[in-house]
Amino acid sequence: MKGLSILLFIICINLNAQQILRERQRAEVVDEMLKDRFDNLLPKLMDDTGFDMWILISREYNEDPVLKTMLPATWLNARRRTILVFYRNKQKATIEKLAVARYNFGENVVSAWDKEKEPNQWKRLIQLIEERNPKSIGLNYSDSFNICDGIVKTDYEAFMSNLPKKYSSRVKSAEKLAIGWIETRTEKEMIIYNQLVDITHDIIAEAFSEKVITPGVTTTTDVEWWMRDKVTNLGLETWFHPTVDVQRTAEELGNHLYAFSNRPEDMVILPGDLLHCDFGITYLRLNTDCQELAYVLKPNETEPPKFLQDALKDGNRVQDIFTNNFETEKTGNTVLKESLAQGKAEGLRPAIYTHPLGTYGHSSGTTLGMWDAQGGVPVTGDYPLHENTVYAIELNTTVTIPEWKRDIRVMLEEAGFWGANGFRYVNGRQTKLLTIPRVKEHQGN
């Protein structure tokens with residue numbers, strides 16, 4: 001109950017209205033969430049995927065991406081060669097969590113190697129395997145899911161050369177088990193996730209305000225680095241460098257790469273600009289990914305032009321079409337195809353490129369389009385939707401603006417949760433454009 005009470009009644013410090021845990025409390029939360037995942041989630045995943053043994057092998061500073069998500073809060077890296085063995089006995093309803101290491105792997109995984117009794121680490125691993133005689137042994141290798149391809153060539157070869165031949169045919173790719181571990185969110189994690197996204201929204205709201213932006217002076221690059229500094233000052237991290245870009249009457253619509261690599265740097269932000277950002281943070285081993293829009297008011301304007309407000313509504317409509325097509329066990333390519341067809345039938349011009357989100361920003365699980373693969377994504381797009389997963393609902397729609405004599409692209413991204421009760425946004429979504437400056441109603445401007 002100690003960890004759960006921390007989750008529900010967070011002891012925090014207040015920095016510019018952002019509620020951020022101190023490092024010690026963060027560690028307690030991380031370890032409590034890990035214990036819950038090991039004890040309650042992992043047995044179910046192993047049963048569902050048909051593995052009774054899962055082995056993860058890593059060396060210090062060259063960690064398997066899956067093992068990295070299992071590190072105790074006070075471990076920033078694996079130590080020497082770390083080998084984890086998970087053994088599931090479904091009949092006895094037990095799961096053993098063992099480390100073939102000189103010391104316990106935190107409080108959740110106990111050491112199973114006494115080097116004085118057996119100096120050879122590989123031989124001790126084989127003893128553990130032979131004592132349990134597993135029917136199916138999972139290793140983390142995968143052609144298509146990069147996060148699930150964590151065992152390096154030398155460790156794989158060493159493992160297979162030491163493994164008795166009778167077990168060789170039992171070794172299989174743990175791809176589905178690793179994906180399940182990475183993509184599945186627990187109830188405790190979802191309590192935390194809401195706060196993460198709220199913090200993300202608050203940082204964007206401050207960045208897109210008169211506190212940061214002086215039209216005619218501030219540049220897009222200035223805002224990007226302000227966001228980086230804000231995250232650092234809060235004791236958080238970003239998992240990618242934020243981007244800020246401008247759409248205005250004098251600029252032509254670029255391709256999808258415009259917002260990421262082709263946009264001009266240091267564009268001075270001017271009244272009448274439509275601003276867009278792409279921004280995400282890392283906190284408590286979870287990640288956010290968010291894109292929002294803001295309008296820079298011209299003198300005497302108290303709200304964005306109606307044509308831009310209507311354009312945002314088109315973007316929200318694409319979101320609704322897309323998420324309404326979510327269905328457990330439906331593949332990402334099917335959801336993509338249905339959503340694009342429905343959007344186009346309604347006269348919209350959508351593009352969808354949604355990805356799993358969680359312990360990694362671009363995580364493992366169902367891929368629902370890529371900006372350059374609107375016809376579907378082989379393999380990862382054929383992977384089915386599972387419950388208790390989070391996605392960065394990332395998409396856009398192109399809208400013709402006669403007043404500007406050009407097209408604009410309404411680019412949106414919000415964290416969304418798919419569960420037993422259907423779809424919901426983790427912490428809401430943008431339905432109104434932010435304004436720079438904020439309107440001061442008591443002054444009528």
Side-chain angles (χ1 to χ4, degrees), residues 37-38 41-59 62-70 78 80-101 105 109-114 117-184 329 331 364-366 378-380 382-384 386:
R37 290 177 65 84
F38 281 133
L41 175 61
L42 184 55
K44 181 180 184 303
L45 293 176
M46 294 184 74
D47 292 346
D48 290 347
T49 54
F51 287 99
D52 55 350
M53 182 170 282
W54 189 17
I55 298 175
L56 294 85
I57 308 171
S58 283
R59 280 173 291 168
N62 191 30
E63 290 81 10
D64 176 330
V66 176
L67 184 142
K68 201 169 181 67
T69 70
M70 298 174 172
R80 301 183 184 178
R81 176 180 275 112
T82 296
I83 302 176
L84 302 184
V85 178
F86 301 105
Y87 177 67
R88 169 64 170 165
N89 189 317
K90 189 174 182 181
Q91 287 70 34
K92 295 182 179 180
T94 60
I95 184 163
E96 290 184 276
K97 303 178 290 292
L98 308 171
V100 188
F105 190 78
V109 184
V110 299
S111 172
W113 181 32
D114 184 340
K117 292 183 179 179
E118 175 48 73
N120 189 298
Q121 188 179 23
W122 291 111
K123 287 184 178 180
R124 179 56 184 149
L125 173 60
I126 300 308
Q127 289 172 4
L128 294 172
I129 294 172
E130 291 180 323
E131 289 167 5
R132 286 151 186 82
N133 192 28
K135 297 177 182 178
S136 184
I137 302 172
L139 294 182
N140 287 349
Y141 56 88
S142 170
D143 286 333
S144 301
F145 292 87
N146 56 316
I147 294 173
C148 307
D149 191 35
I151 189 167
V152 299
K153 182 175 184 290
T154 50
D155 285 337
Y156 177 82
E157 290 178 346
F159 173 76
M160 295 304 293
S161 66
N162 281 279
L163 188 70
K165 289 185 178 180
K166 72 173 185 177
Y167 293 105
S168 297
S169 62
R170 306 183 197 183
V171 176
K172 299 178 176 62
S173 166
E175 179 182 90
K176 290 185 177 180
L177 175 54
I179 293 172
W181 173 265
I182 292 295
E183 74 171 350
T184 307
E329 295 301 326
T331 69
S364 283
T366 310
V379 186
T380 60
D382 295 321
Y383 191 79
H386 293 127

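Start at 1 with the first residue, then count along the sequence. This structure is a prediction, so every number in the text was calculated from the model and none was measured.
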Asker: Could you walk me through whether D48 and K44 pass salt bridge (charged side-chain N to carboxylate O under 4.0 Å, His left out), step by step?
Answerer: CA-CA 6 Å; D48 290 347; K44 181 180 184 303; 2.7 Å; yes
Asker: Determine whether E183 and S364 make a side-chain contact, defined as any pair of heavy atoms from C-beta on separated by less than 4.5 Å.
Answerer: no
Asker: Please evaluate residues M70 and L56 with respect to the criterion side chain to side chain contact (heavy atoms under 4.5 Å, CB included), reporting the C-alpha separation (whole Å), side-chain torsions for both, the decisive distance (0.1 Å), and the verdict.
Answerer: CA-CA 10 Å; M70 298 174 172; L56 294 85; 4.1 Å; yes
Asker: Is a side-chain donor or acceptor of W113 paired with a backbone partner of I83 at a separation under 3.5 angstrom?
Answerer: no
Asker: With sequence neighbours left out, write down each residue that passes ring pair (Phe, Tyr, Trp, His ring centres under 6.0 Å) with F105, or none if nothing qualifies.
Answerer: W75
Asker: Side-chain donor-acceptor pairs under 3.5 Å in residues 121-129, sequence neighbours left out?
Answerer:
| unit_1 | atom_1 | unit_2 | atom_2 | d |
| --- | --- | --- | --- | --- |
| Q121 | NE2 | R81 | O | 2.9 |
| Q121 | NE2 | V100 | O | 2.7 |
| R124 | NE | A112 | O | 2.6 |
| R124 | NH1 | Q127 | OE1 | 3.0 |
| R124 | NH2 | A112 | O | 3.2 |

Asker: Say you draw a straight line from NZ of K176 to CG of L45; how long is it, rounded to the nearest 0.5 Å?
Answerer: 13.0 Å
Asker: Using the rule given for side chain to side chain contact (heavy atoms under 4.5 Å, CB included), can you reason through L41 versus T184, listing the C-alpha separation, both sets of side-chain angles and the distance that settles it, and then say yes or no?
Answerer: CA-CA 8 Å; L41 175 61; T184 307; 3.7 Å; yes
Asker: State, yes or no, whether a side-chain contact exists between M53 and V85 at a heavy-atom distance under 4.5 Å.
Answerer: yes
Asker: Determine yes or no for a side-chain-to-main-chain donor-acceptor pair under 3.5 angstrom, with E118 supplying the side chain and N120 the backbone.
Answerer: yes
Asker: Side chain to side chain contact (heavy atoms under 4.5 Å, CB included) for K68 and D64? Distances and angles first, verdict last.
Answerer: CA-CA 6 Å; K68 201 169 181 67; D64 176 330; over 6 Å; no
Asker: Are the aromatic ring centres of W181 and F86 under 6.0 angstrom apart?
Answerer: no
Asker: Where do Y167 and P134 come nearest, in terms of heavy atoms and distance?
Answerer: CE2-CD, 4.3 Å
Asker: Once you round to the nearest 0.5 Å, how far does CZ of F159 lie from CD1 of I57?
Answerer: 6.0 Å
Asker: Does any non-hydrogen side-chain atom of L98 lie less than 4.5 Å from one of L84?
Answerer: no
Asker: Determine whether more than 12 heavy atoms belonging to other residues, nucleotides or ligands lie under 6.0 Å from atom CG of D114.
Answerer: yes
Asker: Just how far is it from atom OG of S173 to atom CG of L139, taken to the nearest 0.5 Å?
Answerer: 8.5 Å
Asker: Show the nearest heavy-atom pair for residues F51 and R88, with the distance to one decimal.
Answerer: O-CB, 4.4 Å
Asker: Start with the C-alpha gap between K90 and D52, add the side-chain angles, then the distance that decides, and say whether salt bridge (charged side-chain N to carboxylate O under 4.0 Å, His left out) holds.
Answerer: CA-CA 8 Å; K90 189 174 182 181; D52 55 350; over 6 Å; no
Asker: Can you list everything that forms a side chain to side chain contact (heavy atoms under 4.5 Å, CB included) with Q91? Sequence neighbours excluded, please.
Answerer: N89
Asker: Using modelled atom types only, decide if a donor and an acceptor are shared between the side chain of T331 and the backbone of Y383 within a distance under 3.5 Å.
Answerer: no
Asker: About how many Å separate OG1 of T69 and CD of E63, when rounded to the nearest 0.5 Å?
Answerer: 11.5 Å
Asker: Output all residues satisfying side chain to side chain donor-acceptor pair (under 3.5 Å) with T49, sequence neighbours left out; order by chain, then residue number.
Answerer: none
Asker: So how far is it from E131 CD to Y87 OH, rounded to the nearest 0.5 Å?
Answerer: 11.0 Å
Asker: Step by step, work out the side chain to side chain contact (heavy atoms under 4.5 Å, CB included) result for I95 and M46.
Answerer: CA-CA 10 Å; I95 184 163; M46 294 184 74; 3.9 Å; yes
Asker: Between L42 and R37, is any pair of side-chain heavy atoms under 4.5 Å apart?
Answerer: no
Asker: To the nearest 0.5 Å, how far apart are CE in M160 and CG in N162?
Answerer: 10.5 Å
Asker: What pairs with K97 under salt bridge (charged side-chain N to carboxylate O under 4.0 Å, His left out), at least two apart in sequence or on another chain?
Answerer: D39
Asker: What heavy-atom pair brings A101 and S111 nearest, and what distance separates the two atoms?
Answerer: O-OG, 2.7 Å
Asker: Sequence neighbours left out, cut at 3.5 Å: what donor-acceptor pairs do the side chains of residues 144-154 make with other protein atoms?
Answerer:
| unit_1 | atom_1 | unit_2 | atom_2 | d |
| --- | --- | --- | --- | --- |
| D149 | OD1 | S142 | N | 3.0 |
| K153 | NZ | E157 | OE2 | 2.7 |
| T154 | OG1 | R59 | NH2 | 2.7 |

